[in-house]
2 protein chains.
Amino acid sequence: MSTEPIQNGHLLRVGDLARLTGKSVRAIRLYEEQGLLQPATRSSGGFRLYEDHAVERVRWIDLLHGLGFSLHEMHDLLRSWWSAGLGPEAMTELRELFGRKLAETRETILRHQQLERELTEGLRYLETCRVCATPAAVKGCKSCTQDHGMKNEPALVAGIVTPPGAARRFARAGFVRIDGIKTSHDRLAHESKPPVVSAGKESKA
Amino acid sequence: MSTEPIQNGHLLRVGDLARLTGKSVRAIRLYEEQGLLQPATRSSGGFRLYEDHAVERVRWIDLLHGLGFSLHEMHDLLRSWWSAGLGPEAMTELRELFGRKLAETRETILRHQQLERELTEGLRYLETCRVCATPAAVKGCKSCTQDHGMKNEPALVAGIVTPPGAARRFARAGFVRIDGIKTSHDRLAHESKPPVVSAGKESKA
DNA sequence: TCAAACCCTCACGCGTAGGTTAGATTACGG
DNA sequence: CCGTAATCTAACCTACGCGTGAGGGTTTGA
């Protein structure tokens, strides 16, 4: 903390770079392994020595990471920038990369907005449980038949019904409202997922 | 494909459950390991046998997963539902869990909206590179000094400037516009990150 | 010249959500 | 009774972004 960080002319060592960027030394070496950053040179003893703009690079990495880019994506980005050599082609690649990321981002936003709605709806539902706070009404809570002011239980609340082990033989069957919500698989591949068997249709009862 | 899936009364085997939900057998066993799902019983030979509502449970898991919940979070959810026993307390725990998730979700949305803006801006910037498509102008592309119609390079484009190895001695130093963008560290802890050393300002030159 | 910092290269560990064998056993149709 | 499909457990592999040693060399200032 007291020693001057800069000793080799104006070159930085990993520790300096780490301190200047708030990253760990390990992280910086990782970025190097991933091809995101190279020291300008090495000392005779093998120490990594960086020029000042490495700081910008690391901040850029941190920034993109915070925005959801993986190190690998950043590498692609850098590569497509530096590979094509002749400007416009590289730019085209970059545009495509950005375009893909943009679409992906928009999807993510939509999914999370959906989640936000589900959560607020779930909370609204659970709020009405306060009404049950009388000892008498409480007993039957989990097999609650009270009107929560909604047509169905919110998706996030449904499905919680059966305890592991204790075969609780569902009180109200068939409430899952899987409607328009995406599942993890939908995002990646369109499997032959049977069209939602939404409700109770057993041969019993 | 031709064999009837249901043989033990109306109980399902893992494979059946897998097919009905679109998940892999492995995934289902994983859910069990995580305490999210229990077979109603086992066959004498040790095969897992599920009742129909296991299908709902798996769909619920898939749903929440798609919404960004981890298996662990789902387990917490189930546990807080089934542990407290007496309704309202369990509901309170659930509300808190939902509340936390909601806050987290809103943050995620904001971050991704930020990313969306950055990406569109980056794309807008790269669009102007088409103008350089004349052989003459192309050569200097990477050390481009042309006016792209913006005050600064977009954050996503800045930081790409130096190729790994080839010490390119920054053509335009100090352009990173880290302004109001969150970095990954900011989200977790507020380190003593030095206040952005935006440009060359060493004791040299 | 010495000790304190600092750095080097392996290399394993974590948590997530499974995939993918392997070798053995079970269930079921013919 | 036999073959085949399905299932069992156990264990190891993937990708991500590092954390955390171990064991040893380098720089630097006093």
Side-chain angles (χ1 to χ4, degrees), chain A residues 1-9 11-19 21-37 39 41-50 58 61-76 183-185 187-189 191, chain B residues 1-9 11-19 21-37 39 41-50 58 61-76 183-185 187-189 191:
Chain A
M1 209 185 277
S2 53
T3 58
E4 301 303 301
I6 295 156
Q7 48 270 97
N8 277 277
L11 296 175
L12 305 166
R13 305 202 308 202
V14 270
D16 306 325
L17 187 51
R19 270 184 293 278
T21 58
K23 312 299 289 186
S24 70
V25 170
R26 176 66 172 104
I28 288 174
R29 279 201 284 254
L30 178 67
Y31 301 155
E32 182 177 338
E33 287 171 28
Q34 306 288 322
L36 299 179
L37 179 67
T41 181
R42 295 265 192 151
S43 75
S44 56
F47 284 22
R48 277 165 251 259
L49 297 174
Y50 300 90
V58 175
I61 293 170
D62 193 34
L63 173 65
L64 267 77
H65 182 214
L67 290 177
F69 279 76
S70 70
L71 298 185
H72 193 75
E73 285 173 317
M74 295 180 213
H75 185 222
D76 285 351
T183 65
S184 53
H185 262 92
R187 284 182 293 165
L188 301 170
E191 305 278 339
Chain B
M1 211 184 279
S2 53
T3 58
E4 302 301 303
I6 296 159
Q7 47 272 95
N8 277 277
L11 296 175
L12 306 166
R13 307 203 307 203
V14 271
D16 306 324
L17 186 52
R19 269 184 292 279
T21 59
K23 311 299 288 184
S24 71
V25 170
R26 175 68 168 98
I28 289 174
R29 280 201 282 256
L30 179 66
Y31 300 157
E32 183 178 336
E33 286 171 29
Q34 306 287 324
L36 298 179
L37 180 66
T41 180
R42 295 268 191 148
S43 75
S44 55
F47 283 24
R48 276 166 254 260
L49 297 174
Y50 300 89
V58 174
I61 293 169
D62 193 34
L63 173 65
L64 267 76
H65 181 214
L67 290 177
F69 280 75
S70 71
L71 297 186
H72 193 75
E73 285 173 317
M74 295 180 214
H75 185 223
D76 285 352
T183 65
S184 52
H185 263 91
R187 285 181 292 165
L188 301 171
E191 304 277 341

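Reminder, nothing fancy here: chain letters follow the sequence lines and each chain counts from 1.
Two residues are said to be in side-chain contact when any heavy atoms from C-beta on lie closer than 4.5 Å; A:Arg48 and A:Arg42 meet this criterion.
Ranked by how close their nearest DNA chain C nucleotide is to the 5' end, A:Gly15 and B:Leu71 are led by A:Gly15. Between A:Ile28 and A:Phe47, it is A:Ile28 whose nearest contact on DNA chain D lies nearer the 5' terminus. For the pair A:Leu30 and A:Ser44, both in contact range of DNA chain D, the more 5′-proximal nearest nucleotide belongs to A:Leu30. When the nearest nucleotides of DNA chain C are assigned to B:Gln34 and A:Gly45 by heavy-atom distance, the more 5′-ward of the two goes with A:Gly45.
The side chain of B:Arg13 lies closest to C:dA27, out of C:dC6, C:dA27, D:dG17.
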Close N or O pairs between protein and nucleotides 9-13 of chain D (under 3.5 Å):
from  : atom 1 : to      : atom 2 : distance (Å)
D:dT9 : OP1    : B:Arg42 : NH1    : 3.2
D:dT9 : OP1    : B:Arg42 : NH2    : 3.4
D:dT9 : OP2    : B:Arg48 : NH2    : 2.2

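The distance from atom CZ of B:Phe69 to atom CG of B:Asp76, rounded to the nearest 0.5 Å, is 10.5 Å.
Remark: A:Ser24 is not in phosphate contact with D:dG17, judged by side-chain N or O atoms under 4.0 Å from OP1 or OP2. Applying the 4.0 Å criterion to OP1 and OP2 of C:dA17, one finds that B:Tyr31 has every side-chain N and O outside that range. For the pair B:His65 and C:dT16, the criterion of a side-chain N or O lying under 4.0 Å from OP1 or OP2 is not met. Residue B:Ser43 has no polar side-chain atom (N or O) positioned under 4.0 Å from OP1 or OP2 of D:dT7.
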